[in-house]
Amino acid sequence: MVFADPGEALARARALLDAVPSPLDASVAHQVIGIWQRDFGDLRLALHHLRRARECAARADSADREADVLATLGVALVHAGRTREGLAAFERGVARGAGHTRARVLYRRAYVWWVLGHHREALEDVRRAVPVLRQADDVIWMARALTLRATVHLALGSVERAEADFTAAEALWDTTGQEHDKADAVESRGLAAFRSGDVPAALRLLDEAEERYARLGTPTFMLNIRRCEVLMAAGLAPEALAEADAAIGKLDGLGGQSTRKAELLLAAARAARPAGDPHTAIARAALAVRLFAGQRRTWWETHARLVLIEARHAAGRGSGRLVADAAAVAAKLASFGSPAAPEASLLAGRIALDLGWTADAERHLAVAARSRRSGPPLARMTGWAAQALRAQAAGSARGVLEACRRGLDVLDDHRMTLGASELRARATEQGAELAALAQRASLVSGGPRRLLVWSERWRATVLSTPPTRPPADPELLSGMTAFREIASRAEAARMEGRPVPALEREQRRLEREIRSRTLHMRGEAPGSGDRFDVGRLLERLGDEVLLVELAVLDGRVQVLLCGRGRVRRFEAGLLAEAETEAEHVQAGLRRLAHPGAEARLPVVEAAGRRLEELLLGPAAAQLCGGPVVIVPPGRLHRVPWALLPSLRERVLSVSPSAGSWLRARETAPPPEGRPVLVRGPGLATGGAEVPELAARYGCATVLEEDGARVPRVLEELDGAALAHIAAHGTFRADSPLFSSLRMADGPIVVHDFERLARSPYRIILSCCDTARLASVGADELLGLVTALLPLGTAGVVACSAPVNDAAVVPLMLALHKGLDAGLSLAEALRDARAALPGDALHQATGWAFSAFGAA
């Protein structure tokens, strides 16, 4: 019962002890309490009760009872880090038990071998136990043995064998009432899904397992460890680090298993490095190494050493000793049959390259490169990265480009299995090194055209195909409705000055639930979308339009000027300096949004001139008088491009990638459709431009006051030719897909827009911060604008800074006047800026808005 209904089992065991039982019954009761404390509570109490259980079994003179307790005690001792004592208890248990009991003891010793990383010994003990358990028709222990064997197979990289055992075990569990074991089986299937490359299924199954554990009231430390691994693969390293650290704190508070603490420390160390915190990774990994060594867990200790070496390398500590350490770890992992061995060889080769030891680097990289032909996607990525570095060391630009192409193709296939746009964006981080290697090789040997192709290869890839539409899941839809209601109540309370902590907690809970459900979506689109074609781009640009793509190599901006049938390259300034200057400009625009800040105008204009030097360099002088399309890297998405002197009077549009601009250019407008005008609550001007626009268009659909509710707004926006939304915008840097526009019944968020069959062909967002985006992955952007572009929107006007509501009204009216005259969004916005009053407030308002896309 302790794994069917843990709480009830604990209560019955305590009641039995209160009733002065026989030694045999007392042994069972103490063992149950010991198991409960071992797995869900205080390990010191567990050891106390298990020793009492053994004493009672000895008094009862039951060899089988004593053998069974010795096996449970052996597991607890190993989890306490007392490995030698634990294995000695198993030796006595195997000797004391017979037949069926001995098979159960062997199963538990196999489990301990798995914990210690002795996989061959674990498989041998399971091999001895399974026939006896099957003959005894012991369904529960047979299912446990199959689950354990599957888990060992996974550790050795044998996914197909593991899945077969998990399937057989699950069929057995379905015939029992072992609820904790059933939850563990779901968790194990999640791990198998992850090992086979299905991240959405892994997240869904791990969430289901967590719900089952929660109903039983049992802690989930192994689940935490496994979810950290999946979150890492999904590009969510900061979340993995937070989960691991929270679990460590909870485990310490319980006085729980030392073995689990070491594994959680290893998970935290693995997450800290890609989360940008190598020093935390070093600290966590070093402690994990010490704990694993003390627990005599060589397999685990070696994996922790790999993470420690990776973290030291990331912190800039390259040395010959580090090469030797990485090589030794690689050899040991290979002897264990660990799938992580190629990663260690790649690390040894990478450090050797940094030191100029080309012969050593070639030896290690050649070993790592063998993994490129088979295995899960991330293992093949490791192999192709090693192959690219080999080619680079050999001076073969062609070899570098081929390896990078093949590696990114592997990652494309993996990325397209992900349905959620957030996961697709974050997964690109794993290809950042290959993309940079290819760009560097292109710069050296291929000319501007090839550099443009490789700049596009791994830029804004999320926009290349529409996201998977969220399922018509009743729980997801009701969660979205509840989220809007709670968010609306919280906003109303803030405006009235009332405290809102309870509402904010509930809002965060609903956000986590909604996000979790969307991350479960599998991708539907095969392949990676259309391949970028330079010839097609130049043909579309013609002789008038120039496209300026900014690539970043080794921290410096490379300007690729495309148009009039050719691509030219210019070198500009340092990206870090441009980012700093862009922050100064943003601060200046925030000040200019308020009356009385006119003295800041010359400062902002001077910063705009410095930005032009840093971002365009000598290319600025090559811009003629025609339209210009700017394609910036993700980290420069907040630059107000219209502020730059050479762009100030231009027809100017911005695009996340040249490929995205091409798709927008080739998107056909809907054959008909009336304009949709939406006015949200709480605007300082009351959305004053909307009534005037309604009078201008005559046939427009106007949604305001109680009519501007999210379901109706989405219904009208779907497939519209032109939409204008005047509503308060909120950008969420912590969770960009919850960036929102405020409607009458609460926020409309990015997740809502992703439900549209086709977003409006043109959309104007006349409110603050609607063009703010989060830069994630290799060069991806998440936010309102980038949610619309893959769904059929060809052009967006939005704002990247806080603006003065009153100054927005004349800008919007002038913008629509241009659209009514047949101009594009970029043309109309250029003319609208020119029509504004010349004071600082209106100039800053005009600069803050940008046209995105090509409509």
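The first residue in the sequence is number 1, and the count goes up from there.
Using modelled atom types, no side-chain atom of Trp641 and backbone atom of Leu647 make a donor-acceptor pair closer than 3.5 Å. Remark: side-chain polar atoms of Thr580 are paired, donor with acceptor, to backbone N or O of Ala576 under 3.5 angstrom. Formation of a donor-acceptor pair under 3.5 Å by the Asp831 side chain with backbone atoms of Ala828 is not found in this model. A side-chain donor-acceptor contact under 3.5 Å links Arg459 to the backbone of Pro632. Of the possible donor and acceptor atoms, none in the side chain of Arg569 sits under 3.5 Å from a partner among the backbone N and O of Pro448. Asp718 places no side-chain N or O within donor-acceptor distance of the main-chain N or O of Leu756, the cut-off being under 3.5 Å. Of the possible donor and acceptor atoms, none in the side chain of Arg762 sits under 3.5 Å from a partner among the backbone N and O of Ala723. At least one donor-acceptor pair closer than 3.5 Å links the side chain of Gln586 to the backbone N or O of Arg638. A donor-acceptor pair under 3.5 Å is formed between the side chain of Ser759 and the backbone N or O of Leu788. In this structure, Ser655 contributes its side chain and Ser660 its backbone to no donor-acceptor pair below 3.5 Å.
The two residues Pro670 and Arg758 make their nearest non-hydrogen contact at CD-NH2, 3.9 Å. Residue His594 comes nearest to Leu841 through the heavy atom pair N-CD1, 4.1 Å, listed as atom of the first residue, atom of the second, then distance. The two residues Arg440 and Leu553 make their nearest non-hydrogen contact at N-CD2, 4.0 Å. Nearest heavy-atom pair, Leu546 versus Gln622, reported as atom, atom and distance to 0.1 Å: CD1-O, 4.1 Å. Summarising the geometry of Glu549 relative to Ser455, their closest heavy-atom pair is OE2-OG, 2.7 Å, with the distance given to 0.1 Å. Scanning all heavy atoms of the two residues, the minimum distance from Cys767 to Leu741 falls at SG-CD2, 3.8 Å.
Scanning for side chain to side chain donor-acceptor pair (under 3.5 Å) contacts around Ser646 gives Glu612, with sequence neighbours left out.
Using a cutoff of 4.0 Å between basic side-chain nitrogens and carboxylate oxygens, Asp820 and Lys817 are not scored as salt-bridged. Classification of Glu577 and Arg610 as a salt-bridged pair fails, no side-chain N sitting under 4.0 Å from a carboxylate O. A salt bridge does not link Arg540 with Asp533: none of the charged nitrogens is closer than 4.0 Å to a carboxylate oxygen. Between Arg405 and Asp412, none of the side-chain N atoms (NZ, or NE/NH1/NH2) sits under 4.0 Å from a carboxylate O, so this pair counts as no salt bridge. Ion pairing between Arg609 and Glu613 fails under the 4.0 Å rule for side-chain N and carboxylate O.
In this structure, Leu623 and Val548 have side chains that are in contact, with non-hydrogen atoms separated by less than 4.5 Å. Counting heavy atoms from C-beta outward, Leu408 and Trp454 have side chains that approach closer than 4.5 Å. Counting heavy atoms from C-beta outward, Leu765 and Val797 have side chains that stay 4.5 Å or more apart. In this structure the side chain of Ile725 reaches within 4.5 angstrom of the side chain of Leu717, judged on heavy atoms. Looking at heavy atoms from C-beta onward, Val631 lies out of side-chain contact with Trp661 at the 4.5 angstrom threshold. Put simply, the side chain of Ser442 reaches to within 4.5 Å of the side chain of Leu401, judged on heavy atoms. Looking only at side-chain heavy atoms (C-beta outward), Val534 and Glu456 stay at 4.5 Å or farther from each other. Counting heavy atoms from C-beta on, the side chains of Leu836 and Pro810 come closer than 4.5 Å.
Residues His816 and Glu689 bring no donor and acceptor atom of their side chains to less than 3.5 Å of each other.
To the nearest 0.5 Å, atoms CZ (Arg755) and CG (Leu791) are separated by 12.0 Å. Once rounded to the nearest 0.5 Å, the distance linking CG of Leu547 with OG of Ser653 reads 8.0 Å. Remark: Ser800 OG to Trp847 CH2 distance equals 13.0 Å, nearest 0.5 Å. How far CG of Leu614 is from CG of Leu550: 11.5 Å, rounded to the nearest 0.5 Å. Separating the CG atom in Asp752 from the CG atom in Leu737 is a distance of 11.5 Å, to the nearest 0.5 Å. Within the model, atoms CG of Leu829 and CZ of Phe852 stand 10.5 Å from one another, a figure rounded to the nearest 0.5 Å.
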**Request:** Please test Leu434 against Met381 for side chain to side chain contact (heavy atoms under 4.5 Å, CB included), starting from the C-alpha separation and ending with a verdict.
**Result:** CA-CA 9 Å; Leu434 287 176; Met381 282 281 296; 3.8 Å; yes

**Request:** Show your reasoning for whether side chain to side chain contact (heavy atoms under 4.5 Å, CB included) applies to Leu538 and Arg566.
**Result:** CA-CA 7 Å; Leu538 293 173; Arg566 59 180 179 151; 5.7 Å; no

**Request:** Starting from the C-alpha separation in whole Å, work towards a yes-or-no answer on side chain to side chain contact (heavy atoms under 4.5 Å, CB included) for His728 and Asp805.
**Result:** CA-CA 10 Å; His728 274 303; Asp805 283 355; 4.2 Å; yes

**Request:** Show the numbers, then the answer: is there a side chain to side chain contact (heavy atoms under 4.5 Å, CB included) between Cys404 and Arg457?
**Result:** CA-CA 10 Å; Cys404 291; Arg457 179 66 179 83; over 6 Å; no

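Dense packing is recorded around CZ of Arg648, with more than 12 heavy atoms of other residues, nucleotides or ligands lying under 6.0 Å away. Open room surrounds CZ on Arg635; 12 or fewer heavy atoms of other groups in view lie less than 6.0 Å from it. Within a 6.0 Å sphere centred on CD of Glu579, other residues, nucleotides and ligands contribute more than 12 heavy atoms. Within 6.0 Å of the CD atom in Glu666, the count of heavy atoms belonging to other residues, nucleotides or ligands exceeds 12.
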